[in-house]
Protein chains: 2
Amino acid sequence: MRMHNPPHPGEVLRELCLEPLGISVTDAAQALGTSRKTLSAILNGKAGISPEMALRLSIAFNTTPESWLAQQSQYELWQAEQHRGELHVKRLVAA
Amino acid sequence: MRMHNPPHPGEVLRELCLEPLGISVTDAAQALGTSRKTLSAILNGKAGISPEMALRLSIAFNTTPESWLAQQSQYELWQAEQHRGELHVKRLVAA
DNA sequence: GCACAGTGTCACGCGCCACGTTACACGTGT
DNA sequence: ACACGTGTAACGTGGCGCGTGACACTGTGC
């Protein structure tokens, strides 16, 4: 039921891509064609992974952009689920 | 290779949820707990589906929020792919 | 001890978008 | 003619992705 807090995609990026390759944040940012601050924000959970950034990551690390966006969606969805009770929605189709 | 233009999630929402049930945009917006304008913008491709809106849709139409977010991600990703050539990214892992 | 690279972070700005309200114009059906 | 549903334009608000410049901290090599 995946009820546990999903990790921020930035953490996965650091542990699965940067650390194994031994690449610094500065060098990775330069390779991605973005600023060091932007990449740092993503790695520390201060920013999400935009569709364009997912594309950059897929090119640089030879992965699929869908995998990054899927992680981001799961993370944001879990955030929204935490406030499920606050939204008053009427069911239009029987559960 | 899904190289074709993916439909905007708003179109799918209208054709698969509103029209079959014969519900007006006004009534649907009220049931979703949002404004008529906001729902109209989504249906006409003027706005995307936010994580919170995906949650609302899943409750009202008894679906999964993941399906809506996945459609939205695919749509945004395709948009980004159209400008793939404009981003200068260096490969850090051999293709 | 000191200089340097790497990193995180703060402040500021820019642009885009989701969302709300109010108001107007159009088409359809009564 | 009138009401209704709808699309949309104009306004404001809040948030976020992204950039820059600047600062403080940490570890390494001299």
Side-chain angles (χ1 to χ4, degrees), chain A residues 8-11 13-15 17-60 65 68-69 71-73 75-80 82-83 86-89 92, chain B residues 8-11 13-15 17-60 65 68-69 71-73 75-80 82-83 86-89 92:
Chain A
H8 189 282
E11 302 177 19
L13 175 59
R14 166 172 274 146
E15 298 170 4
C17 296
L18 295 199
E19 291 184 350
L21 294 177
I23 304 177
S24 70
V25 177
T26 304
D27 292 347
Q30 191 172 356
L32 289 170
T34 187
S35 74
R36 181 181 67 89
K37 182 192 180 323
T38 296
L39 180 57
S40 175
I42 293 176
L43 293 174
N44 292 283
K46 305 295 183 181
I49 296 184
S50 64
E52 180 182 314
M53 186 61 67
L55 204 52
R56 292 175 188 270
L57 293 175
S58 69
I59 297 175
W68 296 110
L69 281 187
Q71 289 183 55
Q72 182 64 37
S73 292
Y75 181 79
E76 292 179 358
L77 180 57
W78 188 87
Q79 294 287 118
Q82 300 312 107
H83 308 89
E86 298 176 13
L87 11 79
H88 31 278
V89 182
L92 294 174
Chain B
H8 190 280
E11 303 178 18
L13 175 60
R14 165 172 276 146
E15 298 170 6
C17 297
L18 295 199
E19 292 184 350
L21 294 176
I23 305 177
S24 70
V25 178
T26 304
D27 292 348
Q30 191 173 357
L32 289 170
T34 187
S35 73
R36 183 181 65 87
K37 181 196 178 331
T38 296
L39 180 56
S40 174
I42 293 176
L43 293 174
N44 292 283
K46 305 293 183 181
I49 296 184
S50 65
E52 180 182 316
M53 187 61 66
L55 205 51
R56 292 175 187 271
L57 293 175
S58 69
I59 297 174
W68 295 110
L69 282 187
Q71 288 183 56
Q72 183 63 37
S73 292
Y75 181 78
E76 292 179 359
L77 180 57
W78 188 86
Q79 294 287 118
Q82 300 311 107
H83 309 90
E86 298 176 12
L87 11 78
H88 30 279
V89 181
L92 295 173

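Scope of the values below: all heavy atoms of this structure, side chains included, with no hydrogens, waters or symmetry mates.
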**Q.** A:Pro9 versus A:Trp68, closest heavy-atom pair with distance
**A.** O-CZ3, 4.1 Å
Q) Of all heavy-atom pairs between A:Ala54 and A:Ile49, which one has the smallest distance, and what is that distance? A) N-CG2, 3.8 Å
Q: Return the value, rounded to whole Å, for the distance between atom CZ of A:Arg56 and atom C1' of D:dG19.
A: 12 Å
Q) Does B:Gln30 CD have over 12 foreign heavy atoms under 6.0 Å away? A) no
Q: Could you tell me which non-hydrogen atom of B:Leu69 sits nearest to which non-hydrogen atom of A:Ser73, and how far apart they are?
A: CD1-O, 3.9 Å
Q. Between A:Thr26 and C:dT7, is there a side-chain N or O to OP1/OP2 distance below 4.0 Å?
A. yes
**Q.** Heavy-atom closest contact (B:Ala60 atom, B:Leu32 atom, distance)
**A.** CB-CD2, 3.7 Å
Q: Quickly work out the B:Leu87 CG to D:dC18 P distance and round it to whole Å.
A: 11 Å
**Q.** Donor-acceptor contact present, side-chain B:His8 to main-chain B:Ala47, <3.5 Å
**A.** yes
Q: Mind calculating the distance between CG (A:Leu55) and C1' (D:dC18) to the nearest angstrom?
A: 17 Å
(Q) Contact list please: residues 28-43 of chain B against DNA chain D, heavy atoms, distance less than 4.0 Å, in numerical order. (A) B:Arg36, B:Lys37, B:Ser40
Q) Is any side-chain N or O of B:Ser24 closer than 4.0 Å to OP1 or OP2 of D:dC4? A) no
Under 3.5 Å, which N/O atoms of the protein pair with N/O atoms of nucleotides 15-17 of chain C?
none

Q. A:Asn44 has an atom CG; how far is it from atom C1' of C:dC10, in whole Å?
A. 14 Å
Q: Give the rounded distance in Å between these two atoms: CG of B:Asp27 and C1' of D:dC4.
A: 11 Å
**Q.** Exam field: side chain A:Ser58 to backbone A:Leu55, donor-acceptor pair closer than 3.5 Å
**A.** yes
(Q) Quick check on C:dC19: is either OP1 or OP2 less than 4.0 Å from any side-chain nitrogen or oxygen of B:Ser50? (A) yes
